[in-house]
Novice: 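Handing you a structure now.
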Amino acid sequence: MAASNLEGVLLGMGNPLLDISAVVDEAFLAKYDVKPNNAILAEDKHLPMYDELSSKDNVEYIAGGATQNSIRVAQWMLQTPGATSYMGCIGKDKYGEEMKSAAKAAGVTAHYYEDEAAPTGTCAVCVVGGERSLIANLSAANCYKSEHLKRPENWALVEKAKYIYIAGFFLTVSPESIQLVAEHAAANNKVFLDEPLRSLYL
């Protein structure tokens, strides 16, 4: 397929989480009552962890979440600018800005809905030795609204896409959006892909 035909070919919709990844020690895990090589949802006791990780010299920011991870990998494989696009909800905060920068750096055309009240969803990636512990705080990822999807500039991504990928996690966030996109795909003979739930943290 020619590069010109790949523009916007794949659209993903899901729960964006900014991965905040850093090498830590066992004392850090103990401080936040985190077990090695585990994947959990954040509780109140974990919330200060994200800023502490961000302050580390070795911190990395990655545009994550199940669907967005898949879209980033697809973009890398296709090696064509603008081949993939993504929609989901982030907050209007510093982590939201990091998310936008990370997605742009990965070559993904991201059209995020920015929630005024909820903070950007984050996932602490605590690396100790060869293991990593994941602590996810979904926050704004749970706040996507179909009104955002219906905006002309966003619906244009749906119309352009030939393949649409939505993870099962999004079913609890915006079923109306999924129905709108699925109906469009069915009416236009497009491939609609849905991934079942795989783990707790995404």
Side-chain angles (χ1 to χ4, degrees), residues 10-21 34 38-51 53-54 59-75 84-106 108-126 132-151 154 157-158 164-182 193-202:
L10 173 61
L11 167 66
M13 296 179 68
N15 299 347
L17 299 179
L18 180 68
D19 288 348
I20 306 173
S21 177
V34 173
N38 202 4
I40 60 173
L41 291 175
E43 301 175 31
D44 288 344
K45 64 184 178 183
H46 299 122
L47 297 183
M49 173 187 296
Y50 302 96
D51 283 340
L53 280 175
S54 294
V59 68
E60 292 183 79
Y61 296 107
I62 303 161
T67 303
Q68 191 164 215
N69 281 333
S70 298
I71 295 299
R72 283 192 304 103
V73 171
Q75 177 61 48
T84 62
S85 54
Y86 178 82
M87 283 187 272
C89 183
I90 62 174
K92 280 197 167 185
D93 53 21
K94 64 178 182 179
Y95 290 142
E97 292 304 313
E98 291 287 357
M99 182 88 78
K100 288 188 279 187
S101 295
K104 183 177 181 180
V108 177
T109 302
H111 286 203
Y112 297 115
Y113 170 64
E114 297 184 47
D115 192 277
E116 297 280 354
T120 297
T122 49
C123 182
V125 183
C126 304
R132 62 179 191 161
S133 297
L134 309 173
I135 306 92
N137 183 24
L138 299 178
S139 298
N142 280 326
C143 301
Y144 188 82
K145 303 289 189 296
S146 60
E147 288 74 17
H148 178 263
L149 173 66
K150 295 173 185 176
R151 293 175 189 167
N154 300 325
L157 298 179
V158 178
I164 300 167
Y165 175 61
I166 301 177
F169 306 105
F170 206 56
L171 283 168
T172 61
V173 175
S174 187
E176 181 184 357
S177 296
I178 294 177
Q179 183 173 349
L180 287 169
V181 172
L193 304 165
D194 176 51
E195 178 187 36
L197 301 179
R198 293 187 305 179
S199 65
L200 289 175
Y201 81 96
L202 296 170

Novice: Parallel, tilted or perpendicular, judged at 30° and 60°: which one describes the rings of Tyr144 and Phe170?
Specialist: tilted
Novice: Over all heavy atoms of both residues, which pair between Ala66 and Phe169 is shortest? Give the atoms and the distance, please.
Specialist: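 Minimum heavy-atom separation between Ala66 and Phe169: CB-CE1, 3.6 Å.
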Novice: Using a strict cut-off of less than 4.0 Å between a Lys/Arg side-chain nitrogen and an Asp/Glu carboxylate oxygen, indicate whether Lys94 and Glu97 qualify as a salt bridge.
Specialist: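 Salt bridge between Lys94 and Glu97, a charged N being under 4.0 Å from a carboxylate O: no.
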Novice: Can a side-chain donor-acceptor contact be found between Asp19 and Ser21 if the only test is distance below 3.5 angstrom?
Specialist: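 No donor-acceptor contact under 3.5 Å links the two side chains.
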Novice: CG of Asn142 to OG1 of Thr172: how many Å apart, nearest 0.5 Å?
Specialist: 6.0 Å
Novice: Counting C-beta onward and ignoring hydrogens, is there a side-chain heavy-atom pair between Met87 and Leu11 closer than 4.5 Å?
Specialist: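 Yes, at least one pair of side-chain atoms sits under 4.5 Å.
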Novice: Kindly compute the distance separating CD (Glu147) from OG (Ser174), expressed to the nearest 0.5 Å.
Specialist: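 Spacing of CD (Glu147) from OG (Ser174) equals 8.0 Å.
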Novice: Does a sphere of radius 6.0 Å around CD in Gln179 hold more than 12 heavy atoms from other residues, nucleotides or ligands, not counting ones at 6.0 Å or beyond?
Specialist: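 No, because the 6.0 Å sphere around CD of Gln179 holds 12 heavy atoms or fewer from other groups.
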Novice: Between Ile71 and Leu10, is any pair of side-chain heavy atoms under 4.5 Å apart?
Specialist: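 Heavy-atom side-chain distance check passes, below 4.5 Å.
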Novice: Can you tell me how far the CD1 atom of Ile164 sits from the CG atom of Leu157, to the nearest 0.5 Å?
Specialist: 10.0 Å
Novice: Mark yes or no for whether Asn154, through its side chain, and His148, through its backbone, hold a donor-acceptor pair below 3.5 Å.
Specialist: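 Indeed, once roles are kept as given, a pair shorter than 3.5 Å links the two residues.
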Novice: Is the shortest heavy-atom distance from the side chain of Leu138 to the side chain of Leu17 under 4.5 Å?
Specialist: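 The answer is yes; the side chains approach within 4.5 Å.
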Novice: Side chains of Asp51 and Tyr95, heavy atoms from C-beta outward: is any pair under 4.5 Å?
Specialist: yes
Novice: Rounded to the nearest 0.5 Å, how far apart are CG of Asn137 and CG of Leu47?
Specialist: 5.5 Å
Novice: Report the C-alpha separation of Tyr165 and Ser70 in whole Å, then their side-chain angles, then the decisive distance to 0.1 Å, and conclude whether the side-chain contact (heavy atoms from CB on, under 4.5 Å) test is met.
Specialist: CA-CA 9 Å; Tyr165 175 61; Ser70 298; 3.5 Å; yes
Novice: If we only count heavy atoms from C-beta on, is the Lys150 to Leu180 side-chain gap below 4.5 Å?
Specialist: yes
Novice: So which atom in Ala141 and which in Pro16 form the shortest heavy-atom distance, rounded to 0.1 Å?
Specialist: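 That closest heavy-atom pairing would be CB-O, 3.7 Å.
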Novice: Under the 3.5 angstrom rule, does the side chain of Thr120 hit a backbone N or O of Gly91 as a donor-acceptor pair?
Specialist: yes
Novice: What are the two closest non-hydrogen atoms of Gly64 and Asn69, and how far apart are they?
Specialist: CA-OD1, 3.4 Å
Novice: Which atom pair, heavy atoms only, marks the closest approach of Pro175 to Val173?
Specialist: CD-C, 3.8 Å
Novice: Which heavy atom in Arg72 sits nearest to a heavy atom in Ala63, and how many Å separate them?
Specialist: NE-O, 2.7 Å
Novice: For the OG atom of Ser85 and the CE atom of Met13, what is their distance to the nearest 0.5 Å?
Specialist: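 If we round to the nearest 0.5 Å, Ser85:OG and Met13:CE are 10.0 Å apart.
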Novice: Please test Lys100 against Ile90 for side-chain contact (heavy atoms from CB on, under 4.5 Å), starting from the C-alpha separation and ending with a verdict.
Specialist: CA-CA 9 Å; Lys100 288 188 279 187; Ile90 62 174; 4.1 Å; yes
Novice: Any donor and acceptor pair, going by atom type alone, linking the side chain of Gln75 with main-chain N or O of Thr84 inside 3.5 Å?
Specialist: yes
Novice: Give the minimum heavy-atom separation between Gly121 and Met99, together with the two atoms involved.
Specialist: O-CE, 4.2 Å
Novice: Can you check whether Tyr113 reaches Leu149 side chain to side chain, under 4.5 Å on heavy atoms?
Specialist: no
Novice: Is there a side-chain contact between Met49 and Cys126, using heavy atoms and a 4.5 Å cut-off?
Specialist: yes
Novice: How long is the gap from SG on Cys123 to CD1 on Ile135, to the nearest 0.5 Å?
Specialist: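 Separation between the atoms: 7.0 Å.
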Novice: Compare all side-chain heavy atoms of His111 with those of Arg151 and state whether any distance is below 4.5 angstrom.
Specialist: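 Result no, sub-4.5 Å side-chain heavy-atom pair not found.
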Novice: Side chains of residues 38-46: which donor-acceptor partners sit under 3.5 Å, not counting sequence neighbours?
Specialist:
{"unit_1": "Lys45", "atom_1": "NZ", "unit_2": "Asp33", "atom_2": "OD2", "d": "2.7"}
{"unit_1": "His46", "atom_1": "ND1", "unit_2": "Glu43", "atom_2": "N", "d": "3.0"}
{"unit_1": "His46", "atom_1": "NE2", "unit_2": "Tyr32", "atom_2": "O", "d": "3.2"}

